[in-house]
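Keep in mind that what you see is a predicted model, and the values were worked out from it rather than measured. Here is how names work: the chains are called A, B, and so on, in the same order as the sequence lines, proteins then strands, and each is numbered from 1.
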Amino acid sequence: MSNDRYNPREAEPRWQRLWDEQGIFTTANADPRPKYYVLEMFPYPSGRIHMGHVRNYTMGDVVARYKRARGFSVLHPMGWDAFGMPAENAAMANRVHPKAWTYDNIAAMKKQLQSMGLSLDWKREIATCDPAYYKHQQRMFLDFLKAGLVERKQSKVNWDPVDQTVLANEQVIDGRGWRSGAPVESRELTQWFFKISRFSEDLLAALDGLERWPDKVRTMQRNWIGRSEGLLVRFALDTATTPNGEGELEIFTTRPDTLFGARFMALSPDHPLAAAAAKNNPALQAFIAECQRTGTAQELIDTAEKQGFDTGIRAVHPFDPSWTLPVYVANFILMDYGTGAIFGCPAHDQRDLDFVNKYGLGNTPVVCPEGQDPASFVITDVAYDGDGRLINSRFLDGMTIAAAKEEVAVRLERATLGNRAVAQRQVNFRLRDWGISRQRYWGCPIPIIHCEVCGVVPVPAKDLPVRLPDDIEFDRPGNPLDRHPTWKHVACPQCGGKARRETDTMDTFVDSSWYFARFTDPWNAEAPTDPAAANAWLPVDQYIGGIEHAILHLLYSRFFTRAMKVAGHVGIDEPFAGLFTQGMVVHETYRKADGSFASPAEVTIEADGEARRATLLIDGEPVEIGSIEKMSKSKRNTVDPDDIIASYGADTARWFMLSDSPPDRDVIWTEDGVQGAWRFVQRVWRLVATAAPHLPAPGTPMTANGHIGAKALRMIAHRTLADVSDALERLRFNTAIAKLYTFVGTLQEVVNDPIRHIETDPVYAAAAREAFEILVRLVAPMMPHLAEECWGALGQTGLVSQAPWPTVEPDLLVEDTMTLPVQVNGKKRADISVPRAARNSEIETAVLALDAVKRALDGKPPRKVIIVPQRIVNVVG
RNA sequence: GCGGACGUGGCGAAACUGGUAGACGCAAGGGACUUAAAAUCCCUCGAUGGCAACGUCGUGCGGGUUCGAGUCCCGCCGUCCGCACCA
């Protein structure tokens, strides 16, 4: 019996060094074996990894190691999402250069990742802030510009007047800038846009083909893209009432069936007709200004009352020239959806109903639910948007909604106003173009020059990359590029005249929209990709990351891949064939008497029977054990991966991250759980070290047939092998681990009592060797260091990281006798053991002879006996 | 408001396409070893009745389909997530 403990502190760095020296995780593009590309979302170099990274990268590493053992040429790279605001904030706070800060962080985090024992190909490492990377991004910007996929236009943005920059919607909290706390203004700025909406239809349709994506993510993207079919309808205007004799107003509707329920028209405050009407109407001007001031804050939008202002303009109903409708400007109409104008049908739209109830415009129900008497169907406070038949609608009466929509469309397509059809079918999308301009220093420069004579001029390809200047000042808010003394001044590439550089940089989501493609040929100095290499590796077979990127990053990447295809850099549409979104790492919180939080490292927990009590280590002050929350600095409930790896080793951390909870759900980090994983590490080592001296040499042939004990052991080993393989294929790490616990329990029995068995019985010992070798190889993807150590102890000279996955012998999965549960009337009463080959009639006789069955049947004859092969017997009495 | 997911012991959870509910882990309790502790090993562990054999109940609640439902269907309740004035 070996009493030596396994010491990960000594063993883990030793194996990491050896793997590195032998370069066994380096991947060659020329490898002829079938490919497998596994990728985890690359980290932002904040300076330290957190437990979420440990979980994410462990999962990817298990897949990589498993697929490698299965004979695939595995691409498993890592890089850094290295541009972004935190580097600039650090520069402002600590007077460090963003570049130095970023590269220091990269070095620190790389060391941490390496201590996890990840099987990464570090030769392909990239950082998005490297000019060798962003050079190609700039080139693609120009490619896209040429292909008509980039546009420069005015748009409304969230402007932080203190930091003097545009903020993304998610950076605006309660109407204030997340950093400065200043009220955010709505500004019109000229911005660069990627025309993602060009691909709306395709991005939506292709979701159906992404079968290895979570339904949840696909649903979220579907909703985000937001396709709706409707009708563009041109209403004639009474020119006597319009400011400049305007003759028509175009609206978009998805409910043309409710046209006879119309009570008013409404314009967005940003609509040109609203502006025209306001020109000589100060009250309307004031109303519009008030609407625009409300801005983008969600809370305000939620609580804002529906408000409108009658412009005095009158529109004519398309089916009845004598029927006119008032045209309002209303605060709830968005300019950038549809045409920025609607017709209001209050009976069947809650917003319109709220509106008319405020202004006393009344309503007419035009859709009556089935089974309701139309005569008594009245709408007061709740609009009806369900199914039904048309009423109060002249020629549409009695039709279904679908039929009425079609009838209206057909009639209005035929009708004319001016010389054009009154209506036209249109598909609308919620998805807007992607504004990528940021007034920031630490980002990829947009390769454009503005010339006073030539206008907007692309930077010539030979002048790429447009490098960020290093000599910048962060003493003031705003964009340092814009106030740099020399950088932006440049000669126009076309006329040679005075010109200035674009000082905006790209949204950092652009950087992460193509890194997965760059990994396929990261050394390429000439082009973003080698299309041959990219097409060979892509799509990523398994992408793993957090659900928080369900829309933005994943949608942008899908767009970017299509745009890269247009520009000839790749030949595919979809970047990620398989997507897995892992859950968060959560931990209890500890609250001190003064309301502040204590960190797990500062408290000690005592179990007092059923109850648990927490006290501060430093002075024994009791602390309250609070709710379980996502690990965060503010709640101070974080656990530092460095500490865990230093005291337990990477294998323990990896194992714990995978056990207990299903990988897509949150996992609760507990000290007890880590202890359990640690115990298991030691247990495996003890078992292997104890058994190894008694096992025959590696490669001893198997002659187990006929040997009861050896056959049984082999069957368990192969059953475990089959189950674990299946679980890993489906990323069910927690169930794979449960099977391994059970298997180790079995091997414990083998070693415990009948240890003489292994020593004296060569057939049994050979089976035990096989079982141990299977165990070590099954454990290897999850605990690679321990597995190497055990592999050596078993007398193997190679690396288990390079050993092939064991092969299942199908014969060993088939039981000779099977134990069937026996039910009477659906309730389990007994078990019965029958030979595998038993006929149903034999089983039935044996079952009916059971005491428990007779008792349950109370002496009566059975009405029916159902035998489900291999599964169950149910006697119906 | 719209959309989606989920609800199983003290806790995290398992249960393939309807077929033994609670595998495995954690916690808890008991035992062995030890002067003692740690470590390790063994046993018990859904509720309830019974000395026991054994029985009854049990997968959020109420119905239904089925020989058989955690799983399928209908209606509720609750939790979480996403989107949100999208016409």
Is it true that the NZ or CZ of K306(A) lies under 6.0 Å from the centre of F355(A)'s six-membered ring and within 45 degrees of the ring axis?
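Pair K306(A)/F355(A) does not count as cation-pi.
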
Using the closest heavy atom to pick a nucleotide of RNA chain B for each, name whichever of Q675(A) or S661(A) lands nearer the 5' end.
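Its nearest nucleotide lies further toward 5', so the answer is S661(A).
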
Assuming nearest nucleotide by heavy-atom distance, tell me which of T819(A) and A852(A) is located more 5' along RNA chain B.
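Looking at the nearest nucleotide for each, T819(A) comes out on the 5' side.
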
Pairing partner of [N] (Watson-Crick or G-U wobble, both distances under 3.5 Å):
| N | result |
| --- | --- |
| G1(B) | C83(B) |
| G7(B) | C77(B) |
| U44(B) | A28(B) |
| A53(B) | none |

How close or far is atom P of A39(B) from atom CH2 of W678(A), stated in whole angstroms?
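Computing the W678(A):CH2 to A39(B):P distance gives 12 Å.
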
Distance in angstrom units between E844(A) CD and C67(B) C1', rounded
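Atom-to-atom, E844(A) to C67(B), this comes out as 13 Å.
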
Under 3.5 Å, is there an N or O donor on one side and an acceptor on the other linking the side chain of K306(A) and the base of C85(B)?
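Side chain to base: pair present.
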
Quiz question: going by heavy-atom distance under 3.5 Å, is there a donor-acceptor pair between the base of C26(B) and the side chain of D672(A)?
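Side chain to base: no pair present.
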
Regarding [X] and [Y], does a basic nitrogen lie under 4.0 Å from an acidic carboxylate oxygen?
| X | Y | value |
| --- | --- | --- |
| D726(A) | R730(A) | yes |
| R55(A) | D666(A) | no |
| R255(A) | D349(A) | no |

Using the P atom as the point on both nucleotides, what is the distance between G4(B) and C72(B), in whole Å?
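16 Å, rounded to whole Å.
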
